[in-house]
Amino acid sequence: MDLGIRGRTAIVCAASRGLGRACAEALAAEGVNLVLNARGAEALQKTATEIAAAHGVQVTSITGDIATPEGRAALLAACPAPDILVNNAGGPPPGRLNSWSDDDWSQALSGNLRAPAAMIAAMIDGMAERGFGRIVNITSSVVRHPIDIQGLSAAARAGLHGLVSTLVRGHVGHNVTLNNILPGPFATDRLISNFAFRAKQQGVSPDEALAARRAELPAGRFGEPGELGRLCAFLCSAHAGYISGQSILIDGGAHPQIL
Ligand code: NAP
C-alpha cells in the first residue's frame with residue numbers, strides 16, 4: 001500500500017537507535033524526508049547516513065537533548081513546519097516509589113511529558129493551518145498494564161496521554177491527528193538495560209532474566225522494532241486521518257482486550 005506521504009517531512013525525536021530509529025526508517029521507506037534528533041552526535045550521524053543511503057530521502061541530523069529547551073529549539077530551527085512529528089525520548093529508570101530522587105522525577109517529566117508537550121505546542125497550529133498533520137507519541141504499555149518497577153514511566157506517560165486527549169477534537173477537523181503507540185517488550189538496548197535491573201533483583205544473569213521473560217510471552221519472542229515503525233508510518237499516512245486520540249498497544253498479544 002502506498003501510504004500517500006511521499007515528499008512530506010517528519011521530525012523524529014530520539015531516533016539514533018531502537019524504536020525511534022525504526023519509526024524513521026519506516027517513514028523513509030515511504031519517501032518521507034527526515035529531521036532526526038538524539039544526544040550522541042556520532043551514532044545519530046551514522047543512522048542518518050544509513051537511512052538516506054537506503055531510501056534516497058533527505059535526512060538531517062540535529063544533535064541535542066530533547067528534554068531541554070535548547071535541544072528542542074535546535075530541532076525547530078532546522079524544521080519549523082514539519083508534516084509529521086514522532087515524539088520519543090529515553091525512558092525513566094526502573095525502581096520503586098522510594099528509590100527515585102527529585103532529579104529522577106524532574107528528568108522523567110522533562111523527557112516524557114514536557115518535551116512532547118512542547119514539541120506539539122510548537123507545531124500543531126501550523127499543521128492545522130496547512131491542513132495536514134500527524135503526531136505520534138511513543139509511550140509504553142505500562143500506561144495500560146502496570147509493571148511494578150516502572151512507576152515513574154507510568155506516571156510521566158499517563159500525563160502525556162491525558163494532555164493529548166484534550167487536543168484531539170479541536171484538530172481532527174483540520175486533518176491533524178494525535179495518537180499514542182504503547183510498546184510492550186521490544187528487542188532494543190532499553191529492554192536489555194531494564195533486564196539488567198530485573199536480573200539483579202532476582203539474583204540471575206541478565207540473559208537468564210531475558211530468557212525467562214521471553215518464555216512468558218504468548219508470541220514466544222520480543223517485538224521487532226520494525227514492526228512498531230511500520231505501525232507508526234501507517235498512523236502518519238494519508239489514510240489515517242480518521243484515527244485520532246487512540247492509544248494503540250503493540251505487545252504480541254500479551255494483554256488481549258475484549259473492548
Ligand atoms: P533505546 O534503544 O535505548 O534508544 C533510545 C534512543 O533515544 C537513542 O537513539 C537515544 O540516543 C535517544 N535518546 C534518549 N534520550 C534522549 C534525549 N533526552 N534526547 C534525545 N534523544 C534521546 O530505547 P527504545 O527501546 O527505543 O525506547 C524508546 C522509548 O520507548 C523509551 O521511552 C522507552 O522507555 C519506551 N519503551 C520501550 C520499550 C522496549 O521494550 N524497548 C517498551 C516500552 C516503552 P542518545 O542516547 O544518543 O540520545
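When a ligand or atom number is given, it counts from 1 through the structure's own listing order. Numbers here simply count residues along the sequence, with the first being 1.
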Margin query: Quick check: is L36 connected to I181 through a chain of hydrophobic side chains (ILVMFWY, heavy atoms under 4.5 Å apart)?
Written below: yes

Notebook entry, point to check: What residue and atom, counting heavy atoms only, is the protein's closest point to atom 44 (C) of ligand 1, and at what distance?
Noted result: T139 O, 3.3 Å

Notebook entry, point to check: Who's the nearest protein heavy-atom neighbour of atom 11 (O) of ligand 1, and how far?
Noted result: S16 OG, 3.3 Å

Notebook entry, point to check: Do you see a donor-acceptor pair shorter than 3.5 Å between the side chains of H255 and S141?
Noted result: no

Check: Where the closest heavy atom to atom 18 (N) of ligand 1 is concerned, which of D251, D65, N37 has it?
Finding: D65

Margin query: Taking distance alone, with N or O pairs closer than 3.5 Å, would you say A89 contacts ligand 1?
Written below: yes

Checklist line | Nearest protein heavy atom with distance in Å, relative to atom 38 (C) of ligand 1 | finding: G184 O, 3.9 Å

Notebook entry, point to check: Got the closest protein heavy atom to atom 23 (O) of ligand 1, with its distance?
Noted result: R190 CB, 3.2 Å

Checklist line | Polar atom proximity, G20 to ligand 1 (N or O, under 3.5 Å) | finding: no

Next item on the list: Look at atom 47 (O) of ligand 1 and say which protein heavy atom is nearest, naming residue and atom and giving the distance to 0.1 Å.
Entry: G40 N, 2.9 Å

Check: When you measure from atom 30 (O) of ligand 1 to each heavy atom in L19, V143, T188, which option holds the nearest one?
Finding: L19

Margin query: Please determine whether any non-hydrogen atom of P185 lies less than 4.0 Å from an atom of ligand 1.
Written below: yes

Check: Near D189, which atoms of ligand 1 are under 4.0 Å from a heavy atom of that residue?
Finding: 2 (O)

Notebook entry, point to check: Is the shortest side-chain N to carboxylate O distance from K46 to E42 below 4.0 Å?
Noted result: no

Checklist line | Which residue and heavy atom of the protein sit nearest atom 34 (O) of ligand 1, plus the separation | finding: R157 NH2, 2.7 Å

Notebook entry, point to check: Which of the atoms of ligand 1 are close to G64, meaning less than 4.0 Å from one of its heavy atoms?
Noted result: 19 (N), 20 (C)

Note to self: Counting C-beta onward and ignoring hydrogens, is there a side-chain heavy-atom pair between D148 and R96 closer than 4.5 Å?
What the structure shows: yes

Notebook entry, point to check: Taking N or O atoms only and a 3.5 Å limit, does I66 qualify as a polar contact for ligand 1?
Noted result: yes

Next item on the list: Answer yes or no on whether R213 is positioned over the face of F195, meaning its NZ or CZ is under 6.0 Å from the six-membered ring centre and within 45° of the axis.
Entry: no

Check: Are the charged groups of R214 and D207 less than 4.0 angstrom apart, N to O?
Finding: no

Check: Can a non-hydrogen atom of S141 be found less than 4.0 Å from any atom of ligand 1?
Finding: no

Checklist line | Sequence-distant partners of A118, side chain to side chain contact (heavy atoms under 4.5 Å, CB included), two or more places apart | finding: R72, R114

Note to self: Considering non-hydrogen atoms of the protein only, which is the closest contact for atom 12 (C) of ligand 1, and what is the distance?
What the structure shows: A14 CB, 3.6 Å

Item checked: Ring geometry between W105 and W100 (parallel below 30°, tilted from 30 to 60°, perpendicular above 60°) -> perpendicular

Item checked: Sub-4.0 Å atoms of ligand 1 with respect to non-hydrogen atoms of G18 -> 2 (O), 26 (O)

Notebook entry, point to check: Any side-chain donor paired with an acceptor under 3.5 Å for R21 and T47?
Noted result: yes

Item checked: Per-atom contacts, ligand 1 versus L191 - under 4.0 Å to a heavy atom -> 40 (O)

Next item on the list: State, with a plain yes or no, whether a side-chain heavy atom of E30 is found less than 4.5 Å away from one of S237.
Entry: no

Note to self: Is there a polar contact, in the sense of an N or O pair closer than 3.5 Å, between S140 and ligand 1?
What the structure shows: no

Check: Among protein heavy atoms, which lies nearest atom 16 (C) of ligand 1, and at what distance?
Finding: R39 NE, 3.5 Å

Checklist line | Sub-4.5 Å side-chain heavy-atom contact between Q246 and L235 | finding: no

Next item on the list: Decide yes or no for T188 and L191: does some side-chain heavy atom of the first lie under 4.5 Å from some side-chain heavy atom of the second?
Entry: yes

